Student: 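Mind looking over this structure? Questions follow.
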2 protein chains.
Amino acid sequence: MDSLSNRQMQILQAIILNYLETAEPVGSRTISRRSPLGLSSATIRNEMADLEELGFIVQPHTSAGRIPSSKGYRLYVDSLLQSGRIPTEDETRVVSAMLRSKTRQLDALLREIGELLSVITRYPTVVTMPNMNRTKLKHLQLIPVDEHSAVLMIVTDGNVVRNHMISMDHALSQDEADMLSSVLNRNLQGLAMEEINLPVIQKLRRELGAEQQIVSSLLDAIQSTVEYANDTEMYTAGTTNILDFPEFSDVQSARAVMEVFHKKDEMLSTIRSTHPTHVAQNLRITIGKENELTAMQDCSVITTTYTVGGETRGTVSVIGPVRMDYGKVISTLGSMMTDLQRALTHDETQEERNQHEGREEKEGDG
Amino acid sequence: MDSLSNRQMQILQAIILNYLETAEPVGSRTISRRSPLGLSSATIRNEMADLEELGFIVQPHTSAGRIPSSKGYRLYVDSLLQSGRIPTEDETRVVSAMLRSKTRQLDALLREIGELLSVITRYPTVVTMPNMNRTKLKHLQLIPVDEHSAVLMIVTDGNVVRNHMISMDHALSQDEADMLSSVLNRNLQGLAMEEINLPVIQKLRRELGAEQQIVSSLLDAIQSTVEYANDTEMYTAGTTNILDFPEFSDVQSARAVMEVFHKKDEMLSTIRSTHPTHVAQNLRITIGKENELTAMQDCSVITTTYTVGGETRGTVSVIGPVRMDYGKVISTLGSMMTDLQRALTHDETQEERNQHEGREEKEGDG
DNA sequence: GTTAGCACTCAACCGTTGAGAGTGCTAACA
DNA sequence: TGTTAGCACTCTCAACGGTTGAGTGCTAAC
């Protein structure tokens, strides 16, 4: 019952493709003329009536053509993924180059990726950093800055650097700072943020006991870093692109969408959607009404994840109108993520190799 | 010729106030009824004709009321500033509290200020950090992170921290890093970014000569920090607020404006406008057509500056439709900046005092 | 100098109308 | 039984034209 005949499938696809182009309801005659099926408009009409009854297309009003429903898009997207005949894009060669030349700081890299992706696809993009909770601490350092302040610097996996300014009542000498730093590193290095719990803090406090004043500020700073870890970092790019599409030509909806883009929590919940969306090939696709936020129900969200340090962590998403070019976005996103992931794991394995075997590098740089 | 009669002034003001409320052209009868002048609509009409000839108001079409021109707003705003009868806002007490409790890191502080300002005024805001070029270096530190990377951390006036990841071919020991750090500090501390020129770099290179490999990466990092210094940091907040106003109810103009908000260079040039705008009480106000970018010619920009370390540096701006509530924005912005400036200079003088006289503090914290 | 009155203008609104696109249904055809 | 041609029907949309109402400019009287 749920499975369509081959012909219905083709008609549905034709409707979707046409609608993706024109953003106008598509009628039976159009399909009859444009598609290679060689059927009359009347036949198409009959099939369309069936497709409508099955919920794959809808009619805005009696005498209009049909437009795909979320269910229709869903079927289309799924078959797109399954058939695997998603073209590979040329533009993404740029990415490889970029990834090679860019700093190895994850945040800068991701920002750039988002930017580029929105330029290529002409859709808004959202990128999230790995959740700090599970990110391992690589290095900590306390640096005295002036008589009343020091910086607690934390470097995590992916070479992401975080700073915390600490105010103090008395000056901290370089030696003291170094001593404290080494205690911090001894106790915390290699731990994930979420592993820094009370016992760990207690142990730290015991070891640091001597330097009372600074210690409490220091522990505060660590504490607030840990708290901050829950607060995922997020970058958006090309948000105004969404205004290009006629479905957002009235200010009300435009405003609603733009607002979501700029509100971190709403955006994150959109991206992390728990709706039973399609997941395949590391792609999560949420289409139209499948979105929880009403403001986003005219949008589709395509999300991929990348991993740093072995565990699934951050996300890269493209957001467009429901009537978006799924094929292109999926392909661009796909190859871009492959590149990104390769770069990330390459770095890691190289690092690990080096850690274990010591010296041994100098690869030709192309 | 250019100076208006008292009555004309009052009429102009009445027109503007009415238009600020309604966003509709205002007719002679409205003024006649609403204003305390006690004049008939006919008289108002005559005066309006004169005001129009002088360019203070315009008529969208023959049988419509009048709306203020940029020149009209200008007169209004100037007299507003001159008369000094700008009310003080209560809401800004929050700021004082915030300023007191917040970290002393300028970037976080400013971000918060922009956010708050956009919530209070319901207009978009833009905040720029002090131009790094003239910002003095307070402290530098090189921190080895792992076998192949180190971080160059730079702290400037206002406790703004910048990091640069450095890749290296061989591991850097803590001792080496400390040695290098102290050379860097000895040579660069107290200098402004723009003062780090070739001779300084040469001198550095000479002193650091021994450690060939790392030195060149290090100098690169410093170089790129200096270059980056030209690139002013900027934060926007509440950009979607602009979509609330009917003057941006068509997507075209909405998109144009939103785009400017998100393009750093365009936004900066808007804020830094060289047009002979009114400057008084540390306020620069650019009204409508006075803006260079066509996309912004339906907007007015109110900019104030704050100083860190004695020199004029960063800006805080509120952007609204030309028909914005100048009085309220000016007052809110004014008192907020007073607070901010007080907090900033307080910190500084306190720091200086401490540097000169050594210990002497312990103020009650509220 | 101010006001009342009047003719005039113009955008906005509204109901009508006709064209066009598209449908569903029926009957004929292969 | 599936496909097609034909036709009546529905609905949107744009254009048209008359009406309304706000507002003006001008003139004449106060």
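Chain naming here is simple, since letters A, B, ... match the order of the sequence lines and numbering starts at 1 in each. Keep in mind that what you see is a predicted model, and the values were worked out from it rather than measured.
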Student: Any chance you could lay out the ring pair (Phe, Tyr, Trp, His ring centres under 6.0 Å) test for Y19(A) and Y76(A), step after step, and finish with the verdict?
Tutor: CA-CA 13 Å; Y19(A) 185 67; Y76(A) 167 71; over 10 Å; no
Student: Let me know, please, whether S63(A) or R33(B) comes out on the 5' side of the other along DNA chain D by nearest nucleotide.
Tutor: S63(A)
Student: Could you check how far CE of M48(A) sits from P of dT23(C), rounded to whole Å?
Tutor: 5 Å
Student: Just how far, in rounded Å, is C1' of dT24(D) from CD of E53(B)?
Tutor: 16 Å
Student: For F56(B) and Y73(B): C-alpha separation, side-chain torsions, deciding distance, then whether ring pair (Phe, Tyr, Trp, His ring centres under 6.0 Å) applies.
Tutor: CA-CA 8 Å; F56(B) 292 105; Y73(B) 280 116; over 10 Å; no
Student: Distance check needed: dT23(C) C1' versus L51(A) CG, whole Å only.
Tutor: 15 Å
Student: At under 4.0 Å between heavy atoms, what does A42(A) touch on the DNA or RNA strands: base, sugar-phosphate, or nothing?
Tutor: base
Student: Whole Å only: how far is the CZ atom of R45(A) from the C1' atom of dA21(C)?
Tutor: 11 Å
Student: If you find the nucleotide of DNA chain C closest to E52(A) and the one closest to N46(B), which residue's nucleotide is nearer the 5' end?
Tutor: N46(B)
Student: Rounded to whole Å, how long is the line connecting atom CG of D50(B) with atom P of dG1(C)?
Tutor: 11 Å
Student: Is there a donor-acceptor pair closer than 3.5 Å between any side-chain N or O of R284(B) and the backbone N or O of I271(B)?
Tutor: yes
Student: From CD of Q59(B) over to C1' of dT24(D), roughly how many Å is that when rounded to an integer?
Tutor: 7 Å
Student: Establish, with yes or no, whether the OP1 or OP2 oxygen of dT3(D) is under 4.0 angstrom from a side-chain nitrogen or oxygen of S40(A).
Tutor: no
Student: Rounded to whole Å, please give me the gap between CG in N18(A) and P in dA21(C).
Tutor: 15 Å
Student: Can you tell me if E259(B) and T240(A) form a side-chain donor-acceptor pair at under 3.5 Å?
Tutor: yes
Student: Has R7(B) got a side-chain N or O lying under 4.0 Å from the OP1 or OP2 atom of dT2(C)?
Tutor: yes
Student: Between R323(B) (side chain) and I16(B) (backbone), is there a donor-acceptor pair under 3.5 Å?
Tutor: no
Student: Is there a Watson-Crick or G-U wobble partner for dC30(D) with both distances under 3.5 Å, and if so, which one is it?
Tutor: dG1(C)
Student: May I ask you to say what S41(B) touches in the nucleic acid, namely base, sugar-phosphate or nothing, with a heavy-atom cut-off under 4.0 Å?
Tutor: nothing
Student: Rounded to whole angstroms, how far apart are CZ on R66(A) and C1' on dG24(C)?
Tutor: 9 Å
Student: Hey, does T62(A) reach any base, or is it just sugar-phosphate, or nothing, if we go heavy atoms under 4.0 Å?
Tutor: sugar-phosphate
Student: Reckon T43(B) has a side-chain N or O less than 4.0 Å from the OP1 or OP2 of dT3(C)?
Tutor: yes
